[in-house]
Amino acid sequence: MAVLGDISRNVRLLLGQMHRCRTSSAGSKTRLFARGFGQAAPQSNPVVDDNEAVSPTFVNRNPRNLEQMALAVKDRGWGTTWPHREFYHRLVFTRSQHHVTAEVFACDSPTPVLSCSTKEWAVKRELASTRCVAASQAVGEVLAQRCHRAGITRMVYRAIPWQFRSDAVQSFRTALKDGGLVLSEPRRKYIATRVKASSGLM
């Protein structure tokens with residue numbers, strides 16, 4: 001009986017020691033976990049990359065954004081000038097003795113941005129005559145398609161008053177409108193800027 005009592009006492013002591021070891025190890029882990037949250041994160045020096053450098057001067061690579069929002073500056077010109085200079089894109093339609101030509105000019109360029117004429121073989125070979133009403137309609141359809149590909153959907157077109165009622169001009173205008181072009185531009189929008197008065201002037 002004495003031997004069994006010694007064995008049970010030794011077992012109890014061993015179990016108590018194991019329990020104390022488990023409790024102390026769990027407490028140390030909890031302290032280490034809490035200490036990790038209490039400490040500040042190490043500060044790392046930022047790495048400067050040349051590809052991420054921001055240029056001090058900004059260049060608008062798509063200036064037509066301001067035109068589409070009607071915020072770009074329009075050259076007014078003189079009031080007696082005809083045709084008026086206040087436009088972003090202007091359409092010019094001309095008929096000579098042999099050909100029909102339509103050109104789109106930008107406000108800052110004397111060279112046409114887009115053009116279509118019956119002088120082009122791709123247009124000429126489909127027509128019986130290069131100056132008739134059907135030729136004007138064909139030029140309008142082709143020009144409307146080219147304008148859509150270039151992203152130009154609005155332009156100013158002011159025909160000469162004594163030529164405006166002709167069948168050729170009317171068929172040309174109808175072809176452009178059927179092609180999805182708008183022959184007018186929105187009025188320019190002016191953004192009001194607030195001038196802050198200095199404390200000395202108030």
Side-chain angles (χ1 to χ4, degrees), residues 54-193:
V54 180
S55 176
T57 58
F58 174 74
V59 179
N60 186 8
R61 299 186 182 275
N62 189 5
R64 296 212 52 237
N65 289 340
L66 298 178
E67 295 179 4
Q68 294 176 357
M69 293 186 295
L71 296 176
V73 179
K74 288 186 178 181
D75 186 10
R76 295 184 180 181
W78 296 97
T80 56
T81 304
W82 193 92
H84 297 289
R85 300 284 302 170
E86 193 172 359
F87 61 86
Y88 296 131
H89 292 93
R90 180 170 62 93
L91 175 61
V92 178
F93 178 71
T94 56
R95 293 178 67 201
S96 64
Q97 294 181 355
H98 302 287
H99 294 284
V100 176
T101 305
E103 297 174 328
V104 179
F105 291 88
C107 59
D108 56 351
S109 176
T111 306
V113 179
L114 292 172
S115 65
C116 180
S117 175
T118 54
K119 298 177 183 179
E120 302 176 14
W121 174 245
V123 180
K124 182 180 180 180
R125 67 180 179 179
E126 302 293 337
L127 300 172
S129 174
T130 57
R131 196 180 180 275
C132 61
V133 177
S136 301
Q137 182 178 357
V139 169
E141 293 174 356
V142 175
L143 184 65
Q145 184 179 6
R146 292 179 181 178
C147 288
H148 274 289
R149 289 183 178 179
I152 301 174
T153 57
R154 306 192 69 162
M155 62 190 67
V156 173
Y157 174 59
R158 295 184 179 91
I160 301 175
W162 55 85
Q163 296 180 354
F164 179 74
R165 296 298 178 184
S166 64
D167 295 337
V169 174
Q170 291 300 320
S171 62
F172 175 71
R173 286 172 54 90
T174 304
L176 290 176
K177 291 181 179 179
D178 293 342
L181 297 183
V182 180
L183 300 181
S184 63
E185 290 182 344
R187 297 185 61 182
R188 181 189 168 192
K189 299 177 184 178
Y190 294 90
I191 300 177
T193 57

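Treat the numbers as computed from the prediction; the structure is a model and nothing was measured. These numbers come from the heavy atoms of this one structure, side chains and all, not from hydrogens, waters or symmetry mates.
Taking CZ from Arg154 and SG from Cys147, the interatomic distance works out to 13.5 Å, rounded to the nearest 0.5 Å.
Applying the side-chain hydrogen bond (donor to acceptor under 3.5 Å, both in side chains) test to pairs two or more places apart or on separate chains, none has a residue in residues 166-183. Sequence neighbours left out, not one pair with a member in residues 93-110 passes salt bridge (Lys or Arg N to Asp or Glu O under 4.0 Å). Residue pairs meeting the side-chain hydrogen bond (donor to acceptor under 3.5 Å, both in side chains) criterion with at least one partner in residues 110-119, sequence neighbours excluded, are His99-Thr118, Thr101-Ser117.
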Trace of the side chain to side chain contact (heavy atoms under 4.5 Å, CB included) decision for Tyr157 with Ser184: CA-CA 7 Å; Tyr157 174 59; Ser184 63; over 6 Å; no

Take Leu91 and Leu176 through the test side chain to side chain contact (heavy atoms under 4.5 Å, CB included) and record every step on the way to the result. CA-CA 11 Å; Leu91 175 61; Leu176 290 176; 3.3 Å; yes

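Qualifying side-chain contact (heavy atoms from CB on, under 4.5 Å) partners for Glu120, counting only residues two or more places apart in sequence or in other chains: Val123, Arg146. Under the side-chain contact (heavy atoms from CB on, under 4.5 Å) criterion, Val156 pairs with Phe87, Arg158, Glu185, not counting sequence neighbours. Residues satisfying the ring pair (Phe, Tyr, Trp, His ring centres under 6.0 Å) criterion with Phe105, sequence neighbours excluded, are absent altogether.
Considering only heavy atoms from C-beta on, Thr94 stays 4.5 Å or farther from Val100 through its side chain.
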Counting only pairs under 3.5 Å, give me each side-chain donor-acceptor contact of residues 126-134, with atom names and distances, residues two or more places apart or in other chains.
{"unit_1": "Ser129", "atom_1": "OG", "unit_2": "Arg131", "atom_2": "N", "d": "3.4"}
{"unit_1": "Thr130", "atom_1": "OG1", "unit_2": "His98", "atom_2": "O", "d": "2.3"}
{"unit_1": "Arg131", "atom_1": "NE", "unit_2": "Ser96", "atom_2": "O", "d": "2.4"}

